[in-house]
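All figures in this text were calculated on a predicted structure; none of them were measured in a lab. Sequence lines set the chain letters: A, B, ... in the order given, protein chains first and strands last, and positions in each chain run from 1.
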2 protein chains.
Amino acid sequence: MKSAHQDVGNQFDSTALLRSVNLRPTRQRKALAELLLRHGDRHITAELLHEEALRAGVKISLATVYNTLHQFVDAGLLRELVVDSGRAYFDTNTSHHHHFFDEDTGALMDIPGDAVAVGSLPHAPNGRQISRVDVIVRVRKDDA
Amino acid sequence: MKSAHQDVGNQFDSTALLRSVNLRPTRQRKALAELLLRHGDRHITAELLHEEALRAGVKISLATVYNTLHQFVDAGLLRELVVDSGRAYFDTNTSHHHHFFDEDTGALMDIPGDAVAVGSLPHAPNGRQISRVDVIVRVRKDDA
DNA sequence: TCAATAATTTAGAATTATTTTAATGAAAAA
DNA sequence: TTTTTCATTAAAATAATTCTAAATTATTGA
């Protein structure tokens, strides 16, 4: 039998995590943090995460999923990826790395380690500084 | 006085260009080809190109601008860029090069020559082949 | 040259992803 | 607790793009 407390057996302390980035540990934010960060690296859209939360029995609106994802990005818990226009992907891996993007399926994959090396960057124009370098390796079905 | 023929003094033959890629040289397609390809490299959105066409006195609908941009991409006359989710940019430079993206202003700039070198690419997963490698160097106002 | 055919354009409706609004509910501070 | 502040939500609003079906225009072949 399940205990009466809402202990779902999460392996990390989402409350502490949220507190550490100055976000109130609400039911919704804890649930999303657990869905997103419990497992290893994930690439997900707001829409899909919302569906996943609902399937997991979490009552949450799509607007809150959007809000929360953006707050997580601001807090450095997630990184936002732009690979096809029209939808935003969120990546739970915030360390420096690049991506494969499958043009046929829309799937995103991390490129392992430093398998991509960007040599010699140009310097940024006028009063600008480089904030990030994104490398997207687009792949598609082999025509062979 | 202007001649009675519709000779607007374009420096290249848009009709021939369109024919060469199997697109009928309609009034609208010729006008867009001229706006896009007359000058050097451009990065533009459908919305902005539409406004520019209207300002130039070309009667054309936004739907046609979208259709035409995609046809030009398919024909290899343009390249579509994805840099911020929500809007698509089209680049008149179809040769191999990369981009700066100014996160503050939304401006795109070509990165000159081979100022960016991508060393060692990983090979594509399973039955996939690499179709393109995009490098986007995101810049923002200097915090200094 | 001209009708017949096929391709293109268009206005407007529809779609998709996302953001905003204004009201209600929950967490932190007093 | 009570108050204050922050978060959530449903629903409406917005933005970019695509679709639809009708009207127009380009090309082809007599």
**OP:** List for me each residue that meets ring pair (Phe, Tyr, Trp, His ring centres under 6.0 Å) alongside B/His50, sequence neighbours excluded, and say none if there are none.
**Re:** none
Original post:
Where the side chain of A/Asp110 meets the backbone of A/His99, is there a donor-acceptor pair that is under 3.5 Å apart?
Top reply: no
**OP:** Indicate whether OP1 or OP2 belonging to C/dT10 is found under 4.0 Å from a side-chain N or O atom of B/Ser61.
**Re:** yes
Subject >> Check: B/Asp91/B/His97 side-chain N/O donor and acceptor closer than 3.5 Å >> reply: yes
**OP:** Would you kindly give the CD-to-C1' distance between B/Glu51 and D/dA15, to the nearest whole Å?
**Re:** 14 Å
Original post:
Could you give the CG-to-P distance, from A/Leu54 to D/dA10, as a whole number of Å?
Top reply: 10 Å
Subject >> Atom-pair distance (CG on A/Asp84; P on D/dT18), nearest Å >> reply: 11 Å
Subject >> Atom-pair distance (CG on A/Leu23; P on C/dA26), nearest Å >> reply: 19 Å
What N/O pairs connect the protein and nucleotides 21-28 of chain D at under 3.5 Å? Give each pair on its own line.
from, atom 1, to, atom 2, distance (Å)
D/dT27, OP1, B/Arg19, NH2, 3.0

Original post:
Considering only heavy atoms from C-beta outward, does the side chain of B/Leu36 approach that of B/Leu69 to under 4.5 Å?
Top reply: yes
**OP:** Summarise how protein sits on nucleotides 17-23 of chain C as a single string, 5' to 3': B when a protein heavy atom is under 4.0 Å from the base, S for sugar-phosphate-only contact, - for no contact.
**Re:** SBBB---
Original post:
How long is the line joining CG of B/Leu48 and C1' of D/dA15, in whole Å?
Top reply: 13 Å
**OP:** Would you mind reading off the distance between B/Asp74 atom CG and C/dT8 atom C1', rounded to a whole angstrom?
**Re:** 16 Å
Original post:
Does the B/Arg29 side chain pair with the main chain of B/Arg24, one donor and one acceptor, at a distance under 3.5 Å?
Top reply: yes
Original post:
With A/Ser131, which residues qualify under side chain to side chain contact (heavy atoms under 4.5 Å, CB included), at least two apart?
Top reply: B/Glu103, B/Arg138, B/Arg140
Original post:
Within this structure, what is the CG-to-P distance between B/Leu69 and C/dT9, rounded to whole angstrom?
Top reply: 12 Å
Subject >> Nucleotide nearest A/Arg29 when distance is taken to its side chain, options D/dT8, D/dT9, C/dT9 >> reply: D/dT8
**OP:** Please report, rounded to the nearest Å, how far the C1' atom of C/dA7 is from the CG atom of B/Leu18.
**Re:** 14 Å
Original post:
Which residue pairs pass the salt bridge (Lys or Arg N to Asp or Glu O under 4.0 Å) test when at least one of the two sits in residues 43-59 of chain B, sequence neighbours left out?
Top reply: B/Arg42-B/Glu52
**OP:** Would you check if the side chain of A/Thr68 reaches a backbone N or O of A/Thr64 as a donor-acceptor pair within less than 3.5 Å?
**Re:** yes
**OP:** Not counting sequence neighbours, list each pair that qualifies as a salt bridge (Lys or Arg N to Asp or Glu O under 4.0 Å) and has a residue in residues 77-86 of chain B.
**Re:** B/Arg79-B/Asp134
